[in-house]
Amino acid sequence: MPRVFILSAAVLALAGPAHSASPTFSAHVTNPWFPLAPGSRYVYTGIKDGQPSREVLTVTHRTKTIDGKPCAVVEDRLYVRGKLTERTTDWYTQDARGNVWYYGEQTATLDRSGQVTGTSGTWRAGVAGAKPGIYMPAHPRVGQTGRQEYFKGEAEDHFKVLSLLGRNAVLTQEWTPLEPGVIDHKLYVRGIGVVLEQAERGGNERNELISFSQPS
């Protein structure tokens, strides 16, 4: 039976680096700040562009080789006002030191009838100059920064570790030069991953984890 965790505001109140020299990468992502156990499911609710939203992330049992590295495959579905508006497949891998690398995504935006209207933001490491980046360090340090992804003009997210909240939570800041003036904050909880994401400047977006399940 899967274990299910329901998070509340009380729980949330708790408490770029160089490429690893090791050639060893694994699709088995165990970084405690961003674990990707196959079969895990995350459900978020919030606001997207001022509209009520629901997002469902599923860590599949599939793997995919991207630029020679075995990657975990994560399916992401975004619903706005009850309608599927974006579907994305993300690829992550972990190096021997425990850093989680982001190796790309295949994304599509949909209209109200379910037809694809765009694929902006799609990229894959090793294709057309796209490069992977560290999504979550093995041992986050306050002030640590890095580039999470790079595909010129499409994917250029960066992060900075703002604070460590005791031993069980990390707060980060994210931004991209493609959207000057927009800054997001993310709260990670050990053993779960992202539990809260919120636009701090330049946007009207919020995503809060309301349900998390994983295989027992």
Side-chain donor-acceptor contact under 3.5 Å, [X] with [Y]:
X	Y	value
Gln148	Glu174	yes
Tyr103	Asp67	no
Glu55	Asn207	yes

Measuring from [X]:[atom1] to [Y]:[atom2], what's the distance to the nearest 0.5 Å?
X	Y	atom1	atom2	answer
Phe25	Asn99	CZ	CG	8.5 Å
Leu178	Lys152	CG	NZ	11.0 Å
Leu209	Leu196	CG	CG	9.5 Å
Lys69	Asp95	NZ	CG	10.5 Å
Lys186	Met136	NZ	CE	8.5 Å
Glu149	Thr176	CD	OG1	7.0 Å

Work out which heavy atom in [X] is nearest to a heavy atom in [Y]; give both atom names and the distance.
X	Y	answer
Ser40	Gln214	OG-CB, 3.4 Å
Ala72	Leu36	CB-CD1, 4.4 Å
Pro137	Phe159	CG-CZ, 3.8 Å

Validation row: [X], [Y] side chains within 4.5 angstrom (heavy atoms):
X	Y	answer
Ser120	Glu154	yes
Leu57	Glu75	no
Glu156	Phe151	no
Val195	Tyr188	no
Gln106	Trp91	yes
Tyr42	Ile192	yes
Pro38	Pro215	no
Arg141	His139	no

- Arg87 atom CZ: more than 12 heavy-atom contacts under 6.0 Å: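 Open: at most 12 neighbouring heavy atoms sit under 6.0 Å from CZ of Arg87.
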- Message: Are more than 12 heavy atoms, taken from residues, nucleotides or ligands other than Arg201, located less than 6.0 Å from that residue's CZ atom?
- Response: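 No, CZ of Arg201 has 12 or fewer neighbouring heavy atoms, counting only those of other groups under 6.0 Å.
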- Tell me, with the steps shown, if Glu208 and Tyr44 meet side chain to side chain contact (heavy atoms under 4.5 Å, CB included). CA-CA 5 Å; Glu208 182 174 351; Tyr44 300 84; 5.8 Å; no
Would a distance-only check, ignoring hydrogens and angles, find a side-chain to backbone donor-acceptor pair under 3.5 Å from [X] to [Y]?
X	Y	answer
Asn204	Asp49	no
Thr109	Gly118	yes
Asn31	Pro35	no
Thr85	Leu110	no
Thr60	Arg62	yes
Arg54	Gly82	no
Ser26	Gln94	no
Thr122	Thr107	yes

- Kindly determine whether Leu187 and Leu165 satisfy side chain to side chain contact (heavy atoms under 4.5 Å, CB included), including the steps that lead there. CA-CA 10 Å; Leu187 181 64; Leu165 308 176; 3.7 Å; yes
Treat each ILVMFWY residue as a node, draw an edge where side-chain heavy atoms are under 4.5 Å apart, and state whether [X] and [Y] are in one component.
X	Y	result
Leu84	Val56	yes
Leu78	Val73	no
Val142	Phe34	yes
Trp175	Val170	no
Leu164	Val194	yes

- Given side chain to side chain contact (heavy atoms under 4.5 Å, CB included), test Tyr150 with Tyr102 step by step and report yes or no. CA-CA 10 Å; Tyr150 182 74; Tyr102 191 25; over 6 Å; no
- Message: Counting the benzene-type ring for Trp, do Tyr92 and Tyr135 have ring centres under 6.0 Å apart?
- Response: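 Close enough - the centres of the two rings lie under 6.0 Å apart.
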- Query: Where do Arg147 and Asp157 land on the side chain to side chain contact (heavy atoms under 4.5 Å, CB included) test, with the steps shown first?
  - Reply: CA-CA 6 Å; Arg147 188 174 68 190; Asp157 285 3; over 6 Å; no
